[in-house]
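Atoms within a ligand are numbered from 1 in the order they appear, just like the ligands themselves. The shown structure was predicted, so the numbers you read here are calculated from the model rather than taken from an experiment.
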Amino acid sequence: MEKQLLSNLDELKPIAAALCEQVQECRIMTFSGNLGAGKTTLIQHICALLGVQEEVASPSFGLVNEYQGEEEQIFHFDLYRLKSVEEALDIGLLEYLDSGSICLIEWPEIAEGLLPEETISVVLAHESEGKRSINW
Ligand SMILES: Nc1ncnc2c1ncn2[C@@H]1O[C@H](COP(=O)(O)OP(=O)(O)OP(=O)(O)O)[C@@H](O)[C@H]1O
Ligand SMILES: [Mg+2]
């Protein structure tokens with residue numbers, strides 16, 4: 001378990017680099033935390049390191065975005081609007097998880113029971129004095 005306290009965006013870079021290395025191994029990484037905690041921003045940094053050139057933004061409407069990295073494709077989920085596990089199954093989440101592609105998942109709570117053991121869970125939070133924390 002690692003715990004990092006950040007006071008500005010520049011401090012996100014080494015954390016993104018560490019997580020980027022880890023997600024290439026574990027394949028599935030979840031990002032939890034309150035609204036605005038920094039989930040999408042961290043995913044943007046990780047995707048940049050994976051060589052994604054296109055815009056990385058929260059896939060609020062489609063639930064999943066697909067990006068082409070330098071060596072492989074990446075799926076970016078935002079499950080915020082899902083109401084049940086059935087809905088997660090309907091969008092084919094299991095197939096994505098089984099595909100071997102890197103899956104980065106915001107708001108994973110509803111699908112927790114579907115995630116494999118190797119999943120790395122990253123928890124982001126607002127802290128006092130405008131700081132943020134990232135735990136994994
Ligand atoms: N480590 C950080 N330091 C300073 N500002 C940050 C950091 N991470 C994110 N931000 C800023 O916080 C705001 C919200 O970030 P972001 O959209 O990544 O949050 P989110 O957790 O994905 O939100 P949502 O719950 O809506 O999906 C953005 O303006 C972003 O620039
Ligand atoms: Mg987001």
Side-chain angles (χ1 to χ4, degrees):
M1 188 86 179
E2 294 230 28
K3 192 170 191 158
Q4 299 277 349
L5 204 57
L6 294 83
S7 37
N8 62 59
L9 263 178
D10 283 340
E11 294 174 9
L12 198 54
K13 285 182 185 152
I15 296 171
L19 291 174
C20 180
E21 236 172 72
Q22 290 184 24
V23 79
Q24 288 177 84
E25 294 275 318
C26 73
R27 315 310 289 171
I28 300 167
M29 192 170 269
T30 62
F31 299 83
S32 314
N34 289 341
L35 280 172
K39 302 176 290 294
T40 302
T41 305
L42 178 54
I43 289 173
Q44 286 167 342
H45 280 70
I46 293 171
C47 285
L49 293 168
L50 291 169
V52 175
Q53 308 269 342
E54 65 216 275
E55 189 199 358
V56 172
S58 220
S60 315
F61 298 106
L63 297 169
V64 56
N65 284 349
E66 182 181 344
Y67 313 120
Q68 189 57 49
E70 195 176 313
E71 287 173 10
E72 56 180 322
Q73 70 189 154
I74 296 130
F75 293 109
H76 175 193
F77 296 85
D78 186 331
L79 306 184
Y80 184 69
R81 293 178 320 132
L82 288 191
K83 302 271 188 300
S84 64
V85 179
E86 287 69 32
E87 285 181 18
L89 295 171
D90 285 347
I91 66 160
L93 184 62
L94 281 180
E95 286 77 9
Y96 287 108
L97 296 174
D98 282 346
S99 69
S101 294
I102 289 178
C103 293
L104 307 173
I105 308 173
E106 295 186 52
W107 294 101
E109 289 76 8
I110 197 87
E112 218 110 83
L114 302 176
L115 300 170
E117 215 175 299
E118 318 80 77
T119 303
I120 292 182
S121 166
V122 180
V123 180
L124 300 92
H126 285 105
E127 302 290 342
S128 58
E129 297 166 6
K131 292 190 173 144
R132 294 169 193 253
S133 63
I134 302 180
N135 297 295
W136 73 94

Hydrophobic cluster identity match, [X] and [Y], side-chain contacts under 4.5 Å:
{"X": "V56", "Y": "L104", "result": "yes"}
{"X": "M29", "Y": "L114", "result": "no"}
{"X": "L124", "Y": "I46", "result": "yes"}
{"X": "W107", "Y": "I91", "result": "no"}
{"X": "Y80", "Y": "V64", "result": "no"}

**Asked** To the nearest 0.5 Å, how far apart are CD in E2 and CD1 in I134?
**Response** 11.0 Å
**Asked** the Mg ion (ligand 2) is nearest to which N, O or S atom of E106?
**Response**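 Atom name returned: OE1.
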**Min heavy-atom dist W107 to ligand 1 below 4.0 Å** =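 Heavy atoms of W107 do come under 4.0 Å of ligand 1.
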**Request:** Please state whether A37 comes within less than 4.0 angstrom of ligand 1, counting heavy atoms only.
**Result:** yes
**Asked** Could any protein non-hydrogen atom be found less than 4.0 Å from atom 29 (O) of ligand 1?
**Response**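 Answer no: nothing from the protein, no heavy atom, is under 4.0 Å.
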**Ligand-side contact atoms (ligand 1) for residue partner E106, heavy atom cut-off under 4.0 Å** =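 The list of qualifying atoms is 22 (O), 27 (O).
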**Asked** At a 4.0 Å threshold, what atoms of ligand 1 neighbour a non-hydrogen atom of L6?
**Response** 1 (N)
Quick test: of every protein heavy atom, which one is nearest to [atom], and how far off is it to 0.1 Å?
{"atom": "atom 17 (O) of ligand 1", "answer": "T40 CB, 4.1 Å"}
{"atom": "atom 25 (O) of ligand 1", "answer": "K39 NZ, 2.8 Å"}
{"atom": "atom 26 (O) of ligand 1", "answer": "L35 CD2, 3.7 Å"}

**Message:** Which residue in the set Q53, H76, E72, Q73 passes side-chain hydrogen bond (donor to acceptor under 3.5 Å, both in side chains) when paired with Y67?
**Reply:**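 Single pass found, and it is H76.
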[X], portion touching ligand 1 at heavy-atom distance under 4.0 Å:
{"X": "E11", "result": "neither"}
{"X": "R132", "result": "side chain"}
{"X": "L9", "result": "both"}

**Prompt:** Should we count CD of E70 as having more than 12 external heavy atoms under 6.0 Å?
**Reply:** no
Considering both backbone and side-chain atoms of [X], is one of its nitrogen or oxygen atoms within less than 3.5 Å of a nitrogen or oxygen in ligand 1?
{"X": "T41", "result": "yes"}
{"X": "G36", "result": "yes"}
{"X": "G38", "result": "yes"}

**Request:** For V23 and I120, run side-chain contact (heavy atoms from CB on, under 4.5 Å): C-alpha distance rounded to whole Å, both residues' side-chain angles, the deciding distance at 0.1 Å, then the answer.
**Result:** CA-CA 8 Å; V23 79; I120 292 182; over 6 Å; no
**Request:** Assess T40: does it contribute an N, O or S atom lying under 2.8 Å from the Mg ion (ligand 2)?
**Result:** yes
**Prompt:** Parallel, tilted or perpendicular: which fits the ring planes of F77 and Y96, with parallel below 30° and perpendicular above 60°?
**Reply:** perpendicular
